[in-house]
2 protein chains.
Amino acid sequence: MAVTLLETTVSDACCAPTSSREPLGASQADSLAHALKAIADPTRLRLVSIIAASTEGEVCVCDLTDPVGLSQPTVSHHLKVLVDAGILSREKRGTWAYYSLVPGGLSSLATQVAGV
Amino acid sequence: MAVTLLETTVSDACCAPTSSREPLGASQADSLAHALKAIADPTRLRLVSIIAASTEGEVCVCDLTDPVGLSQPTVSHHLKVLVDAGILSREKRGTWAYYSLVPGGLSSLATQVAGV
DNA sequence: AGCGAACATCGACGGTTGTCAATGTCTATG
DNA sequence: CATAGACATTGACAACCGTCGATGTTCGCT
């Protein structure tokens, strides 16, 4: 799948503080909505937040199930959604899978939201 | 309902460029997710975009149905979701209803997203 | 080789969501 | 007052989503 989150597309690096110029097309709206749906969920927001707040910058699944109070398959499912959206990255090391933030992921999303 | 979008809550005005310090609680995640769900939809993103790109800053429903290609009740439903989320505001003038952007709405959301 | 631990995948179930047609409400106008 | 127009609300339906238990897969250890 891979959601192609970081299009930033239309190029021009101009800085419009609040609104923009022309309405975004159907395909742009689709991809942005798809990325936003990834974080428009309380559990996934908490997962991202926990990982972002960790000192190591990466957290394994076994340390995520307890804080959110959900089953391991459910947490695994949410993490997959976040990885597909380009917000998290997964690195398997031994038996464990470590999840970390993709550097520009969240801020890119935030920028697109602010730019309508 | 009213989603209470602009909490900005935890107060401290410190500026962490990318990540944050402590994971957000369940209630904060709930309200943020609720606000994000409002714009995590292609149609609603396009509606907001059209309104933001309008020169007058406000658009009536009759001028929104055609661009998105949906029925009037459906557009009305989406607009209500956006108003409840604190992103749009509604002003009825005569027979028409004019929708416009709430000034800090989108940027507040973007800020919260960037701050995990 | 065999076993256990960590994680992913599958199948299923209930709740939510986007959409429409039909109807209701209000306003301006003849 | 009656009529038409602009918008909101309702009810219904299909599609999607979050969750779980069960199972599969891979790795490390004895």
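The sequence lines fix the lettering, A, B, ..., with proteins before strands; numbering per chain opens at 1.
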Nearest-0.5 Å distance that lies between atom CZ in A/R46 and atom CG in B/D30: 8.5 Å
With sequence neighbours left out, write down each residue that passes side-chain contact (heavy atoms from CB on, under 4.5 Å) with B/D63, or none if nothing qualifies. B/V59, B/C60
Nearest-Å distance for atom pair NZ/P, residues A/K80 and D/dC17: 14 Å
Sorted by first residue and then second, give each salt bridge (charged side-chain N to carboxylate O under 4.0 Å, His left out) pair with at least one member in residues 33-45 of chain B; sequence neighbours left out. none
Rounded to whole angstroms, how far apart are NE2 on B/H78 and P on C/dT17? 12 Å
Using a heavy-atom cut-off of 4.0 Å across all strands, would you classify B/H77 as base, sugar-phosphate, or nothing? base
Output every pair passing salt bridge (charged side-chain N to carboxylate O under 4.0 Å, His left out) with a member in residues 85-109 of chain B, not counting sequence neighbours, ordered by first then second residue. B/E58-B/R93, B/E91-B/R93
Among B/V61, B/T43, B/D66, whose side chain to side chain contact (heavy atoms under 4.5 Å, CB included) with B/V75 holds? B/V61
Answer yes or no: does a side-chain N or O of A/S71 lie under 4.0 Å from OP1 or OP2 of D/dC20? yes
Taking atom C1' of C/dT17 as reference, at what distance in whole Å does atom CG of A/D41 sit? 14 Å
Return the value, rounded to whole Å, for the distance between atom CG of A/L79 and atom C1' of C/dT9. 14 Å
Rounded off to whole Å, could you give me the CD1-to-P distance for the B/I39 and C/dT17 pair? 15 Å
Between atom NZ in A/K37 and atom C1' in C/dT16, what is the gap in whole Å? 11 Å
How many Å lie between CG on B/D84 and C1' on C/dG18, as a whole number? 16 Å
Residues from residues 58-68 of chain A sitting under 4.0 Å of DNA chain C, heavy atoms only? A/C60, A/V61, A/C62
What is the separation between atom CG on A/L70 and atom C1' on C/dC7, rounded to the nearest whole Å? 16 Å
Between CD of A/Q72 and CG of A/L64, what distance do you get to the nearest 0.5 Å? 11.0 Å
Show your working on side chain to side chain contact (heavy atoms under 4.5 Å, CB included) between A/L36 and B/V113 and close with a plain yes or no. CA-CA 10 Å; A/L36 284 174; B/V113 167; 5.6 Å; no
Mind listing the N/O atom pairs, protein and nucleotides 22-30 of chain C, below 3.5 Å?
none

Taking only residues two or more places apart in sequence or in another chain, which ones pass side-chain contact (heavy atoms from CB on, under 4.5 Å) with A/P73? A/S71
Report which part of the nucleic acid A/Y98 touches: base, sugar-phosphate, or nothing (heavy-atom distance under 4.0 Å, all strands). nothing
For residues 95-105 of chain A, which side-chain donor-acceptor pairs fall under 3.5 Å, sequence neighbours excluded?
from   : atom 1 : to    : atom 2 : distance (Å)
A/S100 : OG     : A/S89 : OG     : 3.0

